[in-house]
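Reckoned from all heavy atoms, side chains included, excluding hydrogens, waters and symmetry mates.
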Amino acid sequence: MFCTECGEKLTLMFANGEGLVPYCKNCGEYRFAQFSTAVSMVVTNRTKDKILLARHKGHEDYILFAGYVKKGETAEKAVTREFKEETKLNVVKYKYMASRYHEPRNVLMLGYLVMAEDGEPVIDEKEIEEVKWFTFEEAEKAVKHDYSTAEAFLKNALTEIKNFK
């Protein structure tokens with residue numbers, strides 16, 4: 001680990017109330033971990049009996065819709081913007097569910113349950129190969145497994161969809 005300000009190698013030092021934290025001796029400052037924030041969406045239809053999943057180009061697994069929160073943007077705005085960008089559909093309503101750190105991309109994922117307006121999605125073919133509506137059971141089988149963030153958010157959302165008003 002290196003200091004984001006001066007490039008000096010960081011050492012772990014005890015910070016009162018924080019435990020061991022990377023510290024830059026050159027700057028005399030603690031350097032807490034920095035990572036991006038993104039939203040991840042379990043998308044259901046108005047009748048709450050289907051889940052919309054996406055398959056990106058060059059991948060076999062289906063995943064949830066997701067996107068980074070831009071500087072100055074709220075997570076809620078990112079939900080509506082990202083879903084509209086990827087499907088040309090509007091979000092009718094959304095509900096925050098849970099967060100999870102996604103180590104492969106060093107990102108904090110904020111999981112949302114989203115209800116989409118009726119209509120057929122129109123995809124950006126440069127990024128997404130296919131979007132498809134699945135029954136709950138089909139979605140559980142189709143989404144990436146092996147303790148993936150998508151799988152964890154999907155399972156959580158499936159228990160909450162019935163109460164989504």
Review point. Asp124 side chain to Ile128 main-chain N or O, any donor-acceptor pair under 3.5 Å?
Key: no

Point to revise | Flag, side chain of Glu85 to backbone of Glu82, donor-acceptor distance under 3.5 Å | key: no

Review point. So do Lys144 and Glu151 actually touch side chain to side chain, heavy atoms under 4.5 Å?
Key: no

Practice item. Evaluate whether atom NZ of Lys25 has more than 12 neighbouring non-hydrogen atoms of other residues, nucleotides or ligands under 6.0 angstrom away. Key: no

**Study point:** Partner of Tyr112 by ring pair (Phe, Tyr, Trp, His ring centres under 6.0 Å), out of Phe83, Phe65, Tyr96
**Key:** Tyr96

Check your understanding: Same hydrophobic cluster for Tyr101 and Val39, using side-chain heavy-atom links shorter than 4.5 Å among ILVMFWY?
Key -> yes

Check your understanding: Quick one: are Glu29 and Glu5 in side-chain contact, heavy atoms under 4.5 Å?
Key -> no

Review point. Aromatic rings Phe32 and Tyr30: how do their planes relate, parallel, tilted or perpendicular, breaks at 30° and 60°?
Key: tilted

Check your understanding: Hey, are the side chains of Arg55 and Lys132 touching, using non-hydrogen atoms and a 4.5 Å cut-off?
Key -> no

Check your understanding: Does the Glu8 side chain pair with the main chain of Cys3, one donor and one acceptor, at a distance under 3.5 Å?
Key -> no

**Study point:** Heavy atoms of other groups near Arg105 CZ, more than 12 under 6.0 Å
**Key:** no

**Study point:** Considering all heavy atoms, the nearest Glu73-Ala78 contact
**Key:** OE1-CB, 3.5 Å

Practice item. Check whether more than 12 heavy atoms from other residues, nucleotides or ligands sit under 6.0 Å from atom NE2 of His56, and answer yes or no. Key: yes

**Study point:** Hydrophobic cluster membership, Val91 vs Leu53, 4.5 Å side-chain cutoff
**Key:** no

Practice item. Using the ring of Phe164 (Phe, Tyr or Trp, six-membered ring only), decide whether Lys95 places NZ or CZ under 6.0 Å from its centre and within 45 degrees of its axis. Key: no

Review point. Are Lys57 and Glu125 close enough for a salt bridge, meaning some N to O gap below 4.0 Å?
Key: no

Review point. Are side-chain heavy atoms of Val107 and Thr37 found at a separation under 4.5 Å?
Key: no

Practice item. Please confirm whether the backbone N or O of Thr44 pairs with a side-chain atom of Lys50, one donor and one acceptor, at under 3.5 Å? Key: no

Practice item. Indicate yes or no for a side-chain donor-acceptor contact from Glu140 to the backbone of Glu137 under 3.5 Å, with no hydrogens or angles considered. Key: no

Review point. Checking side-chain contact (heavy atoms from CB on, under 4.5 Å) for the pair Ser36/Leu108: CA distance, chi angles, key distance, verdict?
Key: CA-CA 6 Å; Ser36 298; Leu108 177 64; over 6 Å; no

Revision key, fill the gap. NE2 (His102) and OG (Ser148) are apart, to the nearest 0.5 Å, by 8.5 Å

Review point. Is there a path from Val92 to Val43 through hydrophobic residues (I, L, V, M, F, W, Y) whose side chains come within less than 4.5 Å of each other?
Key: no

**Study point:** Beyond-backbone contact of Tyr94 with Glu76, side-chain heavy atoms, under 4.5 angstrom
**Key:** yes

Review point. Val131 versus Leu52: any side-chain heavy-atom pair under 4.5 Å?
Key: yes

Exercise for review: Check whether more than 12 heavy atoms from other residues, nucleotides or ligands sit under 6.0 Å from atom NZ of Lys77, and answer yes or no.
Suggested key: no

Practice item. Say whether Leu110 and Met97 are linked into one hydrophobic cluster, either directly or through other cluster members, by side-chain heavy-atom distances under 4.5 angstrom. Key: no

Practice item. For side-chain contact (heavy atoms from CB on, under 4.5 Å), just list the numbers for Val21 and Leu12, CA-CA rounded to whole Å, side-chain angles, deciding distance to a tenth of an Å, and then say yes or no. Key: CA-CA 5 Å; Val21 177; Leu12 291 178; 6.0 Å; no

Check your understanding: What do the steps show when you test Lys162 against Lys48 for side-chain contact (heavy atoms from CB on, under 4.5 Å), and what is the final call?
Key -> CA-CA 7 Å; Lys162 292 175 190 154; Lys48 300 185 284 189; over 6 Å; no

Exercise for review: May I have the step-by-step check of side-chain contact (heavy atoms from CB on, under 4.5 Å) for Met41 and Leu64, ending in yes or no?
Suggested key: CA-CA 6 Å; Met41 298 160 266; Leu64 304 178; 5.7 Å; no

Study note, to complete from the structure: Tightest non-hydrogen contact, residues Phe2 and Gly7, listed as CD2-O, 3.4 Å

Review point. Are side-chain N/O atoms of Tyr62 and Glu130 paired as donor and acceptor at under 3.5 Å?
Key: yes

Review point. Any chain of hydrophobic side-chain contacts (each under 4.5 Å) joining Ile161 to Phe153?
Key: yes

Revision key, fill the gap. One should read off an interatomic distance between Glu160 CD and Lys155 NZ, to the nearest 0.5 angstrom, of 15.5 Å

Check your understanding: Are any of the side-chain heavy atoms of Thr80 and Asn90 separated by less than 4.5 Å?
Key -> no

Check your understanding: For Val143, which of Asp61, Val42, Leu154, Ile51 qualifies under side chain to side chain contact (heavy atoms under 4.5 Å, CB included)?
Key -> Leu154

Check your understanding: Within a strict 4.5 Å, meaning less than it, do heavy atoms of the Met109 and Thr149 side chains meet?
Key -> yes

Exercise for review: Please answer whether the main-chain N or O of Asn156 pairs with a side-chain N or O of Thr159 as donor and acceptor at a distance below 3.5 Å.
Suggested key: yes

Practice item. First locate atom CD of Glu120, then atom CD1 of Ile123, and finally report the distance between them rounded to the nearest 0.5 Å. Key: 11.5 Å

Point to revise | Atom of Arg100, atom of Ala152 and distance for their closest heavy-atom approach | key: NH1-CB, 2.7 Å

